[in-house]
Amino acid sequence: MQQFQTALEGIEVSDAEQKISTAEALKQTNIWLQEAQKLGKKIMIFGNGGSAGVASHMAVDFWKNGGVRAMTFNDAPVLTCISNDYSYEEVFEVPVRQFAEEGDIAICISSSGSSINIRRGAIAAKELGCRVIGCSGFNSDNPLRKLGDLNFYVPSFSYGFVETLHQLIIHVILDNKLYLLDKKDVFHRNEVME
């Protein structure tokens, strides 16, 4: 638990140029989410393995709770089709190029920050005018950390810690929007009234 606490307290956020505060990053994500919701844009979330599970969970929460259209590319037929017809390195790039529109948001999750398929998806999203949020861990100089408009880095080499904290980070992005923009009490709304 001490190591988890150290990873949590050590989360770093940067924009394309420098480290920024978490508060500044959340302010920016609120602007992007508000614009996406107003203009009917969407969030595309993708990751491998456990990060794919995080992507699926959070996509549902964004559209169900947050009112922002959201999708993943984790469906087995899509993954196997793109892997077979193109390559696994292109498994997110190809659907991003098919579905992304300028002003969409791509949340790209890679524990190592080195997964080429995640990086290629992020690059494609940037080329198409999407805002890119990177979630990475392991080495502080990982390649994904350099690609996002916003980058959330977890300083740990534990998959479990990094994946768990990525889910927390994305939940915080959504809950911040719900609390500040939608005026929903995310802290007490699920209390049972007797």
Side-chain angles (χ1 to χ4, degrees), residues 12-17 29 32-33 36 40-63 68-171 173-174:
E12 294 178 4
V13 189
S14 58
D15 59 17
E17 298 172 7
T29 60
W32 293 348
L33 290 169
K41 299 299 180 179
K42 66 189 160 300
I43 302 170
M44 300 169 291
I45 312 175
F46 47 90
N48 295 306
S51 298
V54 170
S56 292
H57 174 163
M58 294 313 305
V60 170
D61 281 4
F62 270 105
W63 67 257
V68 181
R69 296 184 319 140
M71 63 190 302
T72 64
F73 306 118
N74 296 340
D75 184 63
V78 171
L79 291 173
T80 56
C81 171
I82 303 302
S83 296
N84 184 63
D85 294 352
Y86 297 88
S87 70
Y88 196 71
E89 291 181 350
E90 298 170 273
V91 77
F92 299 117
E93 176 186 2
V94 170
V96 164
R97 291 197 183 280
Q98 178 66 35
F99 293 104
E101 301 172 304
E102 187 174 351
D104 285 347
I105 300 167
I107 301 177
C108 311
I109 311 168
S110 171
S111 292
S112 69
S114 297
S115 302
I116 189 135
N117 59 350
I118 303 299
R119 292 178 9 229
R120 287 180 69 143
I123 291 166
K126 285 187 77 130
E127 288 174 355
L128 294 166
C130 300
R131 289 158 170 146
V132 174
I133 299 172
C135 294
S136 67
F138 294 12
N139 289 308
S140 61
D141 63 346
N142 70 70
L144 181 60
R145 196 171 179 198
K146 298 170 181 71
L147 293 176
D149 298 298
L150 285 177
N151 303 284
F152 292 85
Y153 167 71
V154 176
S156 175
F157 287 90
S158 164
Y159 271 107
F161 290 179
V162 174
E163 289 171 350
T164 299
L165 290 172
H166 284 165
Q167 183 153 356
L168 173 67
I169 289 164
I170 301 168
H171 253 299
I173 290 169
L174 173 58

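All heavy atoms count here, side chains included; hydrogens, waters and symmetry mates do not.
- Listed here is the closest heavy atom pair of I118 and G47: CD1-CA, 3.6 Å.
- Identified under the side chain to side chain donor-acceptor pair (under 3.5 Å) test for residues 147-167, with sequence neighbours left out: H57-Q167.
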Task: Working for side-chain contact (heavy atoms from CB on, under 4.5 Å), residues F157 and N139 - done: CA-CA 8 Å; F157 287 90; N139 289 308; 3.4 Å; yes
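- One distance of note links CG of N74 with CG of N48; it measures 9.0 Å at 0.5 Å rounding.
- Remark: M44 CE to I133 CD1 distance equals 11.0 Å, nearest 0.5 Å.
- Ion pairing between D104 and K42 holds under the 4.0 Å rule for side-chain N and carboxylate O.
- Judged by distance alone, the side chain of R69 and the main-chain N or O of W63 form no donor-acceptor pair under 3.5 Å.
- In this structure, the separation between CG on L144 and CD1 on I123 is 9.5 Å, given to the nearest 0.5 Å.
- To the nearest 0.5 Å, the span separating CG on N142 from OG on S136 amounts to 3.5 Å.
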TODO: Please report the C-alpha distance between I43 and L33 in whole Å, then the side-chain angles of each, then the deciding distance to 0.1 Å, and finally whether the side-chain contact (heavy atoms from CB on, under 4.5 Å) criterion is met.
DONE: CA-CA 9 Å; I43 302 170; L33 290 169; 3.5 Å; yes
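- The side-chain heavy atoms of I109 and I170, taken from C-beta on, include a pair separated by under 4.5 Å.
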Task: side-chain contact (heavy atoms from CB on, under 4.5 Å) assessment of V162 paired with F138 - done: CA-CA 8 Å; V162 174; F138 294 12; 4.2 Å; yes
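- Nearest heavy atoms, S112 versus S115: OG-N, 3.8 Å.
- With sequence neighbours excluded, the residues that form a salt bridge (charged side-chain N to carboxylate O under 4.0 Å, His left out) with R145 are E12.
- Taking each heavy atom of T72 and A55 in turn, the nearest pair found is CG2-O, 3.3 Å.
- Using a 4.5 Å heavy-atom threshold, the side chains of M58 and H171 count as touching.
- Inter-residue side-chain proximity for I169 and V154 is flagged as met; some heavy-atom pair is nearer than 4.5 Å.
- Between the CD1 atom in I82 and the CD atom in E93 there is a gap of 10.5 Å [rounded to 0.5 Å].
- Contact detail for V96 and A125: the closest heavy-atom pair is CG1-N, 3.7 Å.
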Task: Test log, rule side-chain contact (heavy atoms from CB on, under 4.5 Å), inputs K146 and D141 - done: CA-CA 8 Å; K146 298 170 181 71; D141 63 346; 3.9 Å; yes
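- Here the closest heavy-atom approach between residue C108 and residue V132 is recorded as SG-CG1, 4.0 Å.
- No side-chain heavy atom of F92 sits less than 4.5 Å from a side-chain heavy atom of I116.
- K126 contributes no side-chain N or O that, together with a main-chain N or O of G148, makes up a donor-acceptor pair within less than 3.5 Å.
- Scanning all heavy atoms of the two residues, the minimum distance from S111 to S51 falls at OG-OG, 4.1 Å.
- To the nearest 0.5 Å, the span separating CE on M71 from CZ on F46 amounts to 11.0 Å.
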